[in-house]
Asker: 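Please see the structure below; I have some questions.
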Amino acid sequence: MGDLGRYGAAALLCSDVAEANGALVPLETALEPLESCAPFVIRRLESATPKHLRREGPKPNPFLPWDTRLEVERLGTTHLLLLNKYPVQRGHLLLITQQWKPQSGWLETDDWAQLAAVDGETTGLWFFNSCAEAGASQPHRHLQLLPRQASEVSCPLDAPITAQLAGDEEPWPWRYQLSRRTQSRGPEASKELQQLYHQQLSRLGLGDPQTADRPLAPYNALISPEWFMTVARGKEHSAGFSVNALGFAGYLLLTEGSDREWLGRHGPLELLRSVAMAP
């Protein structure tokens with residue numbers, strides 16, 4: 001995949017070893033030809049549905065302890081980079097806390113510091129699902145990164161998002177906040193990300209850490225090298241689709257229960273509107 005930076009390259013090397021020893025289980029998918037859904041990328045799951053996409057009630061925490069065969073690098077004493085056990089994209093990374101932190105709690109200074117440190121070495125599309133209702137598969141805090149080369153766009157909806165930032169395109173009909181990033185490296189990048197996070201959640205009516213012990217509603221966060229977006233969620237599932245943050249980046253996964261015909265008739269934007277919080 002070319003130059004993916006330090007951590008992206010390490011993720012690919014670790015993936016080769018982890019797949020050989022059975023720790024990594026890449027999902028088999030195929031592009032689904034739905035021209036009416038462009039620019040969204042629709043993939044059909046051809047593997048058996050992995051455990052994290054099944055609705056089966058409480059699950060054990062896979063990060064305490066984490067599978068060391070999936071470990072890419074420890075980041076000091078607070079976080080580590082781990083391979084996603086069931087990736088659609090090779091090199092899919094998880095930034096997790098080494099000790100228990102709730103996924104549904106506020107993201108903290110250490111989270112942003114480590115995200116910025118990794119992002120300075122390997123950029124791409126970061127995303128966060130705040131709880132099960134926003135598409136999170138685990139209650140232990142984890143942010144996710146799909147590494148990208150510098151020449152690649154971060155996601156299928158990067159162009160309309162960039163156009164919205166420039167004032168050249170109308171906003172979408174759901175509750176979200178979108179901001180431009182100005183800092184790309186070091187402590188200033190970490191500080192800016194944390195400021196944007198609190199600013200956006202406050203503007204969405206999701207509260208702040210001074211008055212609430214956790215955000216007041218489910219949400220997704222998406223971060224590219226150029227922008228930061230937070231979407232308030234109303235529900236996780238619609239028309240048989242499980243929608244997490246990647247839906248709002250332009251990626252959808254067809255599984256056994258997904259209503260392909262509904263998606264073809266109504267389109268992906270209507271699917272997103274149906275799971276996001278109304279304006």
Side-chain angles (χ1 to χ4, degrees), residues 25-57 59 84 86-89 92 103 125-138 144 146 153-164 169-178 204 206 217-222 224 227 229-279:
V25 187
L27 297 182
E28 294 180 16
T29 65
L31 284 171
E32 188 72 9
L34 278 170
E35 293 183 6
S36 62
C37 294
F40 281 73
V41 172
I42 318 293
R43 301 194 73 89
R44 177 178 293 278
L45 180 65
E46 297 190 332
S47 305
T49 304
K51 291 180 180 179
H52 72 282
L53 291 179
R54 300 177 196 158
R55 297 167 175 263
E56 295 177 339
K59 306 176 182 68
N84 181 350
Y86 301 104
V88 171
Q89 176 194 305
H92 182 163
Q103 185 80 346
L125 180 69
W126 290 91
F127 63 100
F128 180 75
N129 308 312
S130 71
C131 57
E133 293 78 9
S137 60
Q138 307 297 340
Q144 304 188 56
L146 298 177
V153 296
S154 61
C155 63
L157 293 186
D158 183 79
I161 289 171
T162 301
Q164 287 185 34
E169 189 162 313
E170 291 296 313
W172 291 308
W174 52 78
R175 192 181 301 184
Y176 70 104
Q177 287 285 308
L178 175 62
L204 290 168
L206 303 187
Y219 68 92
N220 297 122
L222 287 153
S224 87
W227 45 261
M229 182 167 68
T230 305
V231 181
R233 294 294 298 269
K235 60 181 180 179
E236 184 269 344
H237 216 76
S238 185
F241 287 86
S242 177
V243 181
N244 66 12
L246 289 180
F248 296 90
Y251 297 106
L252 294 172
L253 186 65
L254 276 162
T255 59
E256 186 177 0
S258 301
D259 191 335
R260 183 185 186 279
E261 285 67 33
W262 185 97
L263 186 67
R265 289 196 309 273
H266 297 282
L269 291 179
E270 179 60 23
L271 175 66
L272 299 185
R273 188 202 63 76
S274 72
V275 297
M277 194 176 289

Asker: Measuring from D158:CG to L125:CG, what's the distance to the nearest 0.5 Å?
Answerer: 9.0 Å
Asker: Who passes ring pair (Phe, Tyr, Trp, His ring centres under 6.0 Å) against Y251, sequence neighbours left out?
Answerer: none
Asker: Going through the checks in order, is the side chain to side chain contact (heavy atoms under 4.5 Å, CB included) test met by L146 and F127?
Answerer: CA-CA 8 Å; L146 298 177; F127 63 100; 4.1 Å; yes
Asker: Please examine the side chains of L222 and I161, heavy atoms only from C-beta on, and report whether any two atoms are closer than 4.5 Å.
Answerer: no
Asker: If we ignore hydrogens and angles and just use 3.5 Å, is the side chain of S238 paired with the main-chain N or O of L271 as donor and acceptor?
Answerer: no
Asker: Which residues pass the salt bridge (charged side-chain N to carboxylate O under 4.0 Å, His left out) test with E133, sequence neighbours left out?
Answerer: none
Asker: Taking the side chain as every heavy atom from C-beta outward, state whether Q138 and Q103 have any pair of such atoms under 4.5 Å apart.
Answerer: no
Asker: Answer yes or no: is there a donor N or O on one side and an acceptor on the other, between the side chain of R233 and the main chain of A217, under 3.5 Å?
Answerer: no
Asker: Taking side-chain contact (heavy atoms from CB on, under 4.5 Å) as the test, write out the residues that go with S258, two or more places apart.
Answerer: F241, L254, T255
Asker: Decide yes or no for Q164 and W227: does some side-chain heavy atom of the first lie under 4.5 Å from some side-chain heavy atom of the second?
Answerer: no
Asker: If you count every heavy atom of other residues, nucleotides or ligands that lies below 6.0 Å from E170 atom CD, does the total exceed 12?
Answerer: no
Asker: For residues A249 and P156, report the shortest heavy-atom separation together with the two atoms involved.
Answerer: O-CD, 3.2 Å
Asker: CD/E35 to CD1/I42 distance, rounded to the nearest 0.5 angstrom?
Answerer: 12.5 Å
Asker: Once you round to the nearest 0.5 Å, how far does CG of L178 lie from OG1 of T162?
Answerer: 8.5 Å
Asker: Using every non-hydrogen atom in the two residues, find where C37 and L263 come nearest and quote the distance to one decimal.
Answerer: SG-CG, 4.0 Å
Asker: Mind checking side-chain hydrogen bond (donor to acceptor under 3.5 Å, both in side chains) for Q177 and listing every partner two or more places apart, or none if nothing turns up?
Answerer: none
Asker: Closest approach of P26 and S47, non-hydrogen atoms and distance?
Answerer: O-OG, 4.3 Å
Asker: Looking at CD of Q144 and CG of N129, how far apart are the two atoms once the value is rounded to the nearest 0.5 Å?
Answerer: 6.0 Å
Asker: Which pair of heavy atoms, one from L272 and one from G247, lies closest together, and at what distance?
Answerer: CD1-O, 3.5 Å
Asker: Can the ring centroids of F248 and W174 be said to lie less than 6.0 angstrom from one another?
Answerer: yes
Asker: Nearest heavy-atom pair of A132 and E236: which atoms, and what distance?
Answerer: O-CG, 3.4 Å
Asker: Do the side chains of L206 and Y219 get nearer than 4.5 Å, heavy atoms only?
Answerer: yes
Asker: Please collect all salt bridge (charged side-chain N to carboxylate O under 4.0 Å, His left out) contacts where either partner lies in residues 269-279, sequence neighbours excluded, each pair once.
Answerer: E270-R273
Asker: Does R265 have any side-chain hydrogen bond (donor to acceptor under 3.5 Å, both in side chains) partners at least two apart in sequence or in another chain, and if so, which?
Answerer: none
Asker: Judged by atom type as modelled, is there a donor-acceptor pair below 3.5 Å linking the side chain of N84 to the main-chain atoms of Y86?
Answerer: yes
Asker: Examine distances only and state if a side-chain atom of N220 and a backbone atom of A134 form a donor-acceptor pair shorter than 3.5 Å.
Answerer: yes
Asker: Working to the nearest 0.5 Å, report the span between CG of L253 and CG of N244.
Answerer: 9.5 Å
Asker: Measure the spacing between CZ of R44 and CD of E28 and express it to the nearest 0.5 Å.
Answerer: 14.5 Å
Asker: Provide the closest heavy-atom pair for V25 versus P87 in the form atom of the first, atom of the second, distance.
Answerer: O-CD, 3.8 Å
Asker: Any heavy-atom pair between the side chains of E32 and L252 that's under 4.5 Å?
Answerer: no
Asker: Dump the intermediate steps for side chain to side chain contact (heavy atoms under 4.5 Å, CB included) on W172 and L157, then the final yes or no.
Answerer: CA-CA 12 Å; W172 291 308; L157 293 186; 4.2 Å; yes
